[in-house]
Amino acid sequence: MKFSEFADILPQAGPVPAGVEISGISSDSRRVERGHLFFALAGTRADGAAFASDAVSRGAVAVVAPKGALKDDPGAPVLEVEDARRALAFSAARLFPRQPATMVAVTGTSGKTSVASFTRQIWEHAGLAAASIGTTGVVAPGRDEYGELTTPDPIALHRLLDELAGDGVTHASMEASSHGLDQRRLDGVRLAAGGFTNLGRDHMDYHPTVEDYHRAKLRLFDTLMPKGAPAVIFADDPWSQPTEAAARAAGLDVRTVGRHGTFLSLKRVEHERHRQRAEIEHAGTIFEVDLPLAGDFQVANALVAAGLAIGTGTPAETVFKALEHLKGASGRLELVGSAENGAQVYVDYAHKPDGLENVLLSVRPFTTGRVIVVFGCGGDRDRGKRPIMGEIATRLADVAIVTDDNPRSEEPASIRAAIMEAAPGAVEIGDRHEAIRSAVAMLAEGDTLIVAGKGHETGQEIAGTKHHFSDHEEVRAALAERRP
Ligand SMILES: CC(=O)N[C@H]1[C@@H](OP(=O)(O)OP(=O)(O)OC[C@H]2O[C@@H](n3ccc(=O)[nH]c3=O)[C@H](O)[C@@H]2O)O[C@H](CO)[C@@H](O)[C@@H]1O[C@H](C)C(=O)N[C@@H](C)C(=O)N[C@H](CCC(=O)O)C(=O)O
Ligand SMILES: Nc1ncnc2c1ncn2[C@@H]1O[C@H](COP(=O)(O)OP(=O)(O)OP(=O)(O)O)[C@@H](O)[C@H]1O
Ligand SMILES: N[C@H](CCC[C@H](N)C(=O)O)C(=O)O
Ligand SMILES: [Mg+2]
């Protein structure tokens, strides 16, 4: 691709001749190849500007950098831009030009993975070639791959979208994490609609305040979506109103869903243990939907997904039929097994205060015995959530077992201590394998056990090493041990 093809993104009046061939782009000097444009980004741990000369010595033809970032001459032309991350994302979109024709993104503290998956499932049910991209990876026809990030970096993302479009995928739903939005990973994605689930405490290690965190989420609506596009907003969250106001101010077509929703209005829900019957009003018609999922919050997620599918052209009747066939995303209040006395064991990905509160509240109505929870908090992540989650677990569960969940570079015992401080009566068992065994061993008739925090994850990261660990496998093994 010729340099001139980036004319609307990168400054042209400079020392890079318009005809120069650009072979690729990179924001990591270690990945630079001959003919690349190198983007020097200021990060959380390093400053890409420090690697500009390294990039040039590996063959970069020019360096794109924020104004004033480069103090020394890297040995190749420097192109200064206002927002280097945005320029990177748009350049990636130029280099990998194809995208599924109908792209939607969903943001919020909890429920993104579920909504992205549900939206894909609805589209599949409608006979469309659909994909979803998020925490649990990429799912598309003939493809199911695990990825490291919830929202991939812009180069990986645009390469992926181009590939999916090439494979014939016409519809794709993706998760927009606050990191992803803030770091402009999705800039350049041509969005047909956007969704919002809720806002709670999360990533306070990255965002200075909840308001700042909310502002990062709002970029989806006020910066990335085109005017007039449907913004599907869950209406029953404390942050629904400010989100709605921002979306309206940005000229979007706001469609609210939930009990207070007007586009999809939830009239009634009857909860059963493993399913729920919902009455949803849409455009003057009441639809009765038998949702095959446990957990109050899954109704909210299903409504946002339904709103996105209807908002992008799938007929409402088809969408509501599809809801009756939804499968939960792996490790989202997933029933993994039962003890011989009927006590049930769920694996859930709740690893933040709101998620934990929700999941414990969701199982209470169907638990005639005790609610038992096994959970921990990740190392090198928001420390403030530890006592909050300790308090929630002891308030809402009858037995709380505090264990390890990816301590990463931190001392595991000190993470547990911070949780225990606010969790009077909780039991501390550091080794997650032992914690799950003890919890399963104590199950009596009518009890429900929630193993929270890891969901689909298959590793336990301790001091920089990732050990294989699966809550699903551990629960099954512990249940098998109980059998005579
Ligand atoms: C804190 C964070 O979000 N970091 C992400 C960010 O890295 P960064 O820009 O801060 O990188 P940095 O290490 O400070 O380096 C700065 C720049 O120097 C460059 N560099 C560095 C070294 C070198 O030798 N040469 C070089 O060029 C780097 O490539 C980078 O461009 O941009 C990178 C590329 O997009 C990401 O891989 C990286 O994700 C890290 C691995 C991460 O753990 N991110 C998590 C927190 C995250 O993003 N999570 C969200 C939300 C999860 C959820 O709630 O579901 C997600 O979307 O996954
Ligand atoms: N709408 C919701 N409201 C509150 N809690 C929810 C909701 N949806 C899911 N949860 C809880 O959050 C957990 C994670 O759900 P999900 O993976 O769908 O969210 P996410 O936003 O993708 O999370 P992450 O940012 O960690 O990837 C679930 O296991 C459940 O405990
Ligand atoms: N995407 C989130 C997942 C956290 C899951 C939990 N198991 C933990 O390790 O804290 C993160 O990396 O912060
Ligand atoms: Mg997710």
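As the structure is a prediction and not an experimental result, all values here were calculated from the model. Both ligands and their constituent atoms are indexed starting at 1 by order of listing.
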Only heavy atoms count here, so choose which of Ala84, Ser27, Ala50 is nearest to atom 19 (C) of ligand 1. Ser27
With a 4.5 Å limit on heavy-atom distance, are the side chains of Leu396 and Arg364 in contact? no
N or O pair under 3.5 Å between Ala42 and ligand 1: no
Phe39 near ligand 1, heavy-atom distance under 4.0 Å? no
Thr135, Asp380, Asp153, Leu181: member with heavy atom nearest to atom 35 (O) of ligand 1: Asp153
My understanding is that we take every heavy atom of each candidate and find the minimum distance to atom 31 (O) of ligand 2. Doing that for Asp348, Asn301, Val359, which one comes out nearest? Asp348
Could a heavy atom of Glu461 be found less than 4.0 Å from some atom of ligand 3? no
If you measure only the distance, is there a donor-acceptor pair under 3.5 Å linking the side chains of His433 and Gln460? no
If you measure from atom 1 (C) of ligand 1 to every heavy atom of Thr109, Thr150, Thr44, which option wins on shortest distance? Thr44
Against ligand 2, does His351 come closer than 4.0 Å with any heavy atom? yes
Would you please determine whether Asp405 falls within less than 4.0 Å of ligand 3 on a heavy-atom basis? yes
Just go through Arg45, Arg185, Arg31 and tell me whose heavy atom is the nearest to atom 13 (O) of ligand 1. Arg45
For ligand 3, which part of Lys385 has a heavy atom less than 4.0 Å away: the side chain, the backbone, both, or neither? neither
